[in-house]
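Comments concern the structure below.
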Amino acid sequence: MPSYRILALDGGGIRGLYTALLLDRLSDQVPGFTDRADLLAGTSTGGILALGLAKGIAVEDLIALYQNNGSAIFSRTLWHEIRDLGDLTGSKYDDDDLIRIIQDTFGEGTLDDLLPRHVLVPSFDLDNQAVPPAPRMWKPKFFHNFKGSDSDGQEKIADVALRTSAAPTYFPAYQGYVDGGVVANNPAMTALAQAIDPDTGGQQLPDLRIFSVGTGLTPQFVSGDMLDWGLAQWAPVLANMMIEGMMGVADYECARLLKDKYFRLGPVLPAPVPLDCADKIPSLIAYAQGVDITEAVKWLKSNFV
């Protein structure tokens, strides 16, 4: 039976290292499976990984990208603290190092340069700059290099990587865009939609195979049966709740539509690892090594290679 293979990679900041390590372990058991993906979809840190894989960057080099640069990307100076009043009036981190590292990694290449590998990378456009009578508003944006009138093939890979990873409050917006995790931190369902769109992928649902990889779920909960909370109480947990909730929605939808032709590798982390906590790199390495990948390997051998 013909099949169309999709590799979907979640967002999660420094926890992209965790995803890369899982991909590396899986590649040892199923050599070349990432090269078999017809569509690589990724959000935020997952977008960087997806674009890197599409460009032909080895998983080992993507692992090194996080290990060598994580501390520089998620670092802050005393002047930054003073200028932004401890994050009250500005992003937690400057994006100078992130921009430099991404541009060094991807150069001047465009999404079309990745063909025949197809990519889909969610972001969020803060201003569509529409001309009246069309409404001027913010909107989701899904960058892709499929042929067609809405193709983003001429966009620079580096710009797309930076647009999808500009996490609000952590980094400044980039070129008017913020992190794709705002709309699709788990990009599996958006990739499915793009693949079956007759104007782009043109695939049939029974032919799709999706392998979705998370950056590790954070073990957290809110106790209490009747919480009469306001903004002050909900604010610290609401962002994570919404992001992980949307990830669960995508997982639910893909599983119902594709049944056993969809596999989600989304382990729960033994302990929380904030997306900007570069000093947890040794922990992420240990956590990734401890994940049981047996069922994932079986699924990949049956559906990807």
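In this structure, Asp28 CG and Leu23 CG are separated by 11.0 Å, a value rounded to the nearest 0.5 Å. Of the inter-residue distances, the one linking Leu111 atom CG with Lys156 atom NZ reads 12.0 Å to the nearest 0.5 angstrom. The structure places CZ of Arg117 at 11.5 Å from CG of Leu51, a figure rounded to the nearest 0.5 Å. Distance check, rounded to the nearest 0.5 Å: CZ of Arg36 to CG of Leu7 gives 13.5 Å. Distance check, rounded to the nearest 0.5 Å: CG of Asp127 to NZ of Lys139 gives 10.0 Å. In this structure, CG on Leu26 lies 11.0 Å from NZ on Lys301, to the nearest 0.5 angstrom.
Side-chain atoms of Arg209 do not come within 3.5 Å of backbone N or O of Ser302 as any donor-acceptor pair. Although no hydrogens or angles enter the test, the distance criterion places no donor-acceptor pair under 3.5 Å between the side chain of Glu60 and the main chain of Ala58. Of the possible polar contacts, none joining the Asp125 side chain to the Pro140 backbone as a donor-acceptor pair under 3.5 Å is found. Between the side chain of Ser151 and the main chain of Gly153, a donor-acceptor pair closer than 3.5 Å is present. Although no hydrogens or angles enter the test, the distance criterion places a donor-acceptor pair under 3.5 Å between the side chain of Asp38 and the main chain of Arg5. Distance alone, capped at 3.5 Å, places no donor-acceptor pair between the Asp199 side chain and the Ser149 backbone. The closest donor-acceptor contact from the side chain of Thr164 to the backbone of Pro122 lies under 3.5 Å. Counting only distance, with no hydrogens or angles, the side chain of Asp94 and the backbone of Asp96 share no donor-acceptor pair below 3.5 Å. Between the side chain of Asp113 and the backbone N or O of Thr110 there is at least one donor-acceptor pair closer than 3.5 Å. Within the 3.5 Å criterion, the main-chain N or O of Ala64 finds a donor-acceptor partner in the side chain of Asn68.
Under the side chain to side chain contact (heavy atoms under 4.5 Å, CB included) test applied with Thr43, the options Asp179, Val121, Asp10, Leu120 reduce to a single match, Asp179.
Of all heavy-atom pairs between Val178 and Ser123, the closest is O-OG, 3.0 Å. Minimum heavy-atom separation, Ser44 to Ser165: OG-CA, 3.7 Å. For the residue pair Ala191 and Ala41, the shortest heavy atom distance occurs at CB-CB, 3.7 Å. The minimum heavy-atom distance linking Pro187 with Thr190 is given by the pair O-OG1, 2.7 Å. When all heavy atoms are compared, the tightest approach of Leu22 to Ala288 is CD2-O, 3.8 Å. Between Ala130 and Pro135, the shortest heavy-atom distance links the atoms CB-O, 3.3 Å.
Counting heavy atoms from C-beta outward, Tyr4 and Leu205 have side chains that stay 4.5 Å or more apart. Proximity of Gln29 to Leu300: side-chain heavy atoms (C-beta onward) are nowhere separated by under 4.5 Å. With contacts defined as side-chain heavy-atom distances shorter than 4.5 Å, the pair Leu192/Leu258 qualifies. Side-chain contact between Leu21 and Ile285 is present, with at least one heavy-atom pair separated by less than 4.5 Å. Proximity of His144 to Val119: side-chain heavy atoms (C-beta onward) are nowhere separated by under 4.5 Å. Within the 4.5 Å cutoff, the side chain of Thr19 has no heavy atoms near those of the Arg15 side chain. At least one side-chain heavy atom of Leu9 sits less than 4.5 Å from a side-chain heavy atom of Leu53. With contacts defined as side-chain heavy-atom distances shorter than 4.5 Å, the pair Met189/Leu257 qualifies.
In this structure, Phe124 is not a member of the same hydrophobic cluster as Met137, with clusters built from ILVMFWY side-chain heavy atoms closer than 4.5 Å. Ile6 and Tyr252 fall into different hydrophobic clusters, where Ile, Leu, Val, Met, Phe, Trp and Tyr are joined by side-chain heavy atoms under 4.5 Å apart, directly or via other members. The hydrophobic clustering, which links ILVMFWY residues whose side-chain heavy atoms are closer than 4.5 Å, places Leu115 and Leu40 apart.
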Exercise. Step by step, work out the side-chain contact (heavy atoms from CB on, under 4.5 Å) result for Asn186 and Ser212.
Key: CA-CA 8 Å; Asn186 173 354; Ser212 174; 3.7 Å; yes
Self-check item: Chi angles and distances behind the side-chain contact (heavy atoms from CB on, under 4.5 Å) call for Ile14, Lys280
Solution: CA-CA 9 Å; Ile14 193 62; Lys280 293 288 187 181; over 6 Å; no
Exercise. Might you work through the side-chain contact (heavy atoms from CB on, under 4.5 Å) test for Gln175 and Asp159, ending with a clear yes or no?
Key: CA-CA 8 Å; Gln175 296 178 341; Asp159 285 341; 3.4 Å; yes
Practice problem: Evaluate the side-chain contact (heavy atoms from CB on, under 4.5 Å) criterion for residues Phe171 and Leu162: first the C-alpha distance (whole Å), next the side-chain angles of each, then the deciding distance (0.1 Å), finally the verdict. | Solution: CA-CA 10 Å; Phe171 294 109; Leu162 289 163; over 6 Å; no
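Taking the six-membered ring where the residue is Trp, Phe146 and His118 present parallel rings, their angle staying beneath 30° rather than reaching 60°. Classification of the Phe304-Phe33 ring pair by plane angle, with boundaries at 30° and 60°, yields perpendicular.
Between Phe74 and Tyr93, the ring centre distance stays below 6.0 Å.
Donor-acceptor pairing under 3.5 Å is recorded for the side chains of Tyr66 and Thr45. A side-chain N or O of Asp251 and one of Tyr262 form a donor-acceptor pair less than 3.5 Å apart.
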Counting only pairs under 3.5 Å, give me each side-chain donor-acceptor contact of residues 97-107, with atom names and distances, residues two or more places apart or in other chains.
unit_1, atom_1, unit_2, atom_2, d
Asp97, OD1, Arg100, NH2, 3.1
Thr105, OG1, Ile101, O, 2.8

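Within 6.0 Å of atom CH2 in Trp138, 12 or fewer heavy atoms from other residues, nucleotides or ligands are found, so the atom counts as exposed in its surroundings.
Lys141 and Asp152 are joined by a salt bridge, as a carboxylate oxygen and a charged side-chain nitrogen come within less than 4.0 angstrom of each other.
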